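Since the structure comes first, as structure tokens, the remarks are kept for the end.
What you see is a predicted model, and the numbers here were worked out from it, not measured in a lab.
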Amino acid sequence: MSLEAKKEQPFVITQTITQPKQSKLKDFFSILILNKAAMVGAIIILFYIFIVLFAPLIAPYDPYEIKLENKLMPPSADHWMGTDDKGRDILSRILYGSRLSMGVGFAAVMFGAFFGIILGLVSGYYGKWIDSIIMRMMDVMLAFPGILLALAIISALGPSLINVTIAVGAFSVPLFARIVRGSTLEVKRLEYIDAIRCLGANDLTIIFKHVLPNILSPIIVQGTLRLATAILSAAGLSFLGLGAQPPSPEWGTMLSNGREFLFSAPYIALFPGLAISILVLGFNIFGDGLRDAFDPRMKK
């Protein structure tokens with residue numbers, strides 16, 4: 001082609017326009033919203049969180065006020081869930097007890113997740129003898145049933161709500177550690193981790209800045225499901241007299257008090273039991289929905 005022909009040829013600037021891809025977060029919420037069971041669980045959880053935040057405003061009576069003249073009153077317009085053997089309003093005690101039960105559950109899961117994530121990251125990233133030592137320790141903890149391990153810890157520390165939190169959180173550590181270890185083993189083999197290491201990043205930067213953010217999905221799902229177990233376990237320990245002590249309105253303690261009146265006043269144990277069951281159900285079905293939303297196969 002001659003020089004003059006080249007000059008006459010128009011210069012066209014081409015630009016490739018790419019459509020923005022739907023964000024992963026939007027995909028996640030779209031799948032989660034379509035899961036009706038997960039939405040029911042989310043509504044239940046949000047309802048309980050509302051109760052926790054506004055219990056003093058919602059509760060019609062003082063949960064600790066004793067009125068023996070009103071003892072063992074059945075549900076009525078004045079006391080929607082009746083009164084216990086000391087004349088205390090059961091509805092008010094359940095509303096205030098939600099703070100204790102959910103607080104213990106969240107604190108126990110946070111305790112277990114913190115130590116489990118640290119141990120799992122170290123074990124999965126470094127491997128070799130460090131991995132063997134940590135995993136054998138976790139295997140020993142998993143060899144004991146969770147409730148028996150919690151009973152052993154409380155027997156050593158003494159019965160209290162704080163010790164229940166430590167005990168319930170302790171048997172959550174190996175579960176988080178094993179999940180984090182498995183996910184870390186997968187992520188650390190990826191090419192971008194090798195590239196970051198070649199650029200001079202140290203181990204702490206790689207672990208907490210590049211590995212941990214990419215394994216949060218199974219941690220979140222496990223944490224949500226463990227909340228249900230933690231709340232149920234804490235209530236069970238309080239029912240046995242090893243957790244919150246009277247006159248605390250913790251749900252397990254209320255259940256323990258109500259077992260003496262199962263035939264004469266069954267509502268004393270019925271309503272705290274329903275409160276525990278509904279909350280545990282909410283966390284379980286919401287956790288299942290989270291697992292489906294994080295599963296890549298569900299996005300196809």
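Not a single donor-acceptor pair under 3.5 Å links the side chain of S233 to the backbone N or O of V168. Put simply, the side chain of S183 gets close to the backbone of I179: a donor and an acceptor are under 3.5 Å apart. Checking side-chain atoms of W80 against main-chain N and O of P75 turns up no donor-acceptor pair under 3.5 Å. Side-chain atoms of S98 come within 3.5 Å of backbone N or O of L95 as a donor-acceptor pair. Between the side chain of S248 and the backbone N or O of A244 there is no donor-acceptor pair closer than 3.5 Å. With hydrogens and angles disregarded, no donor-acceptor distance shorter than 3.5 Å links the side chain of S123 to the backbone of L119. No donor-acceptor pair closer than 3.5 Å links the side chain of T184 to the backbone N or O of G124.
Here the CG atom belonging to L100 is positioned 11.0 Å from the CE atom belonging to M254, to the nearest 0.5 angstrom. Here CD1 of I94 is found 8.0 Å from CG of L274. Values are rounded to the nearest 0.5 Å. L46 CG to I51 CD1: the interatomic distance, rounded to the nearest 0.5 Å, is 11.5 Å. In this structure, K86 NZ and I66 CD1 are separated by 6.5 Å, a value rounded to the nearest 0.5 Å. Rounding to the nearest 0.5 Å gives a distance of 5.0 Å between CD1 of I49 and CE of M102. One distance of note links CG of D203 with CZ of R197; it measures 7.0 Å at 0.5 Å rounding.
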Take L157 and I154, measure what side chain to side chain contact (heavy atoms under 4.5 Å, CB included) needs, and give me the verdict at the end. CA-CA 5 Å; L157 300 178; I154 294 176; 5.9 Å; no
Tell me, with the steps shown, if Y192 and N214 meet side-chain hydrogen bond (donor to acceptor under 3.5 Å, both in side chains). CA-CA 12 Å; Y192 82 94; N214 287 287; 2.9 Å; yes
Show the numbers, then the answer: is there a side chain to side chain contact (heavy atoms under 4.5 Å, CB included) between N70 and D78? CA-CA 11 Å; N70 293 335; D78 294 330; over 6 Å; no
Walk me through it: do Y61 and L91 pass the test side chain to side chain contact (heavy atoms under 4.5 Å, CB included)? CA-CA 9 Å; Y61 300 95; L91 173 60; over 6 Å; no
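Annotation: side chain of I219 is in contact with side chain of L212 (closest heavy-atom distance under 4.5 Å). Put simply, the side chain of M81 does not reach to within 4.5 Å of the side chain of Y267, judged on heavy atoms. Side-chain contact between R291 and L225 is present, with heavy atoms from C-beta onward closer than 4.5 Å. Under the 4.5 Å side-chain criterion, counting only non-hydrogen atoms from C-beta, I231 is not in contact with F106. In this structure, the side chains of V40 and I43 stay at 4.5 Å or more apart for every pair of heavy atoms. Considering only heavy atoms from C-beta on, F239 stays 4.5 Å or farther from T253 through its side chain. The side-chain heavy atoms of H79 and I90, taken from C-beta on, include no pair separated by under 4.5 Å. In this structure, the side chains of S101 and I276 stay at 4.5 Å or more apart for every pair of heavy atoms.
Under a hydrophobic clustering in which Ile, Leu, Val, Met, Phe, Trp and Tyr are joined whenever their side-chain heavy atoms come within less than 4.5 Å, directly or via other members, F271 and V52 fall into the same cluster. Tracing side-chain contacts under 4.5 Å through hydrophobic residues (I, L, V, M, F, W, Y), one reaches V109 starting from I153; they form part of the same cluster. Hydrophobic clustering places V140 together with I133 (ILVMFWY residues linked when any side-chain heavy atoms are closer than 4.5 Å, directly or through intermediates). Taken together through direct or relayed side-chain contacts under 4.5 Å among Ile, Leu, Val, Met, Phe, Trp and Tyr, L185 and V122 form parts of separate hydrophobic clusters. A single hydrophobic cluster is seen to contain both F171 and L161, as judged by linkage of ILVMFWY side chains at heavy-atom distances under 4.5 Å, directly or through other members.
Residues in residues 144-171 take part in these side chain to side chain donor-acceptor pair (under 3.5 Å) pairs, two or more places apart or across chains: S160-N163. Applying the salt bridge (charged side-chain N to carboxylate O under 4.0 Å, His left out) test to pairs two or more places apart or on separate chains, those with a residue in residues 121-144 are D131-R181, R136-D139, D139-R178. Residues in residues 112-169 take part in these ring pair (Phe, Tyr, Trp, His ring centres under 6.0 Å) pairs, two or more places apart or across chains: F111-F115.
Here the shortest heavy-atom pairing between I278 and I44 reads O-CG2, 3.6 Å. Taking both residues in full, the closest heavy atoms of S172 and R226 are given as OG-NH2, 3.1 Å, listed atom of the first, atom of the second, then distance. Scanning all heavy atoms of the two residues, the minimum distance from A235 to E250 falls at CA-OE2, 3.9 Å. Taking every heavy atom of both residues into account, A201 and I206 meet most closely at O-CD1, 3.8 Å. Closest non-hydrogen pair, A150 versus L237, comes out as CB-CD1, 4.0 Å. Heavy-atom minimum distance, D85 versus I268: N-CD1, 4.2 Å.
When the shell of 6.0 Å around CE of M137 is examined, it contains 12 or fewer heavy atoms from other residues, nucleotides or ligands. Atom CE of M39 has more than 12 neighbouring heavy atoms from other residues, nucleotides or ligands inside a 6.0 Å radius. Within a 6.0 Å sphere centred on CG of L216, other residues, nucleotides and ligands contribute more than 12 heavy atoms.
Defined by atom type and a distance below 3.5 Å, a donor-acceptor pair is missing between the side-chain atoms of Y96 and D62.
Salt-bridge check for K67 with E65: passed, with a basic side-chain N closer than 4.0 Å to an acidic carboxylate O.
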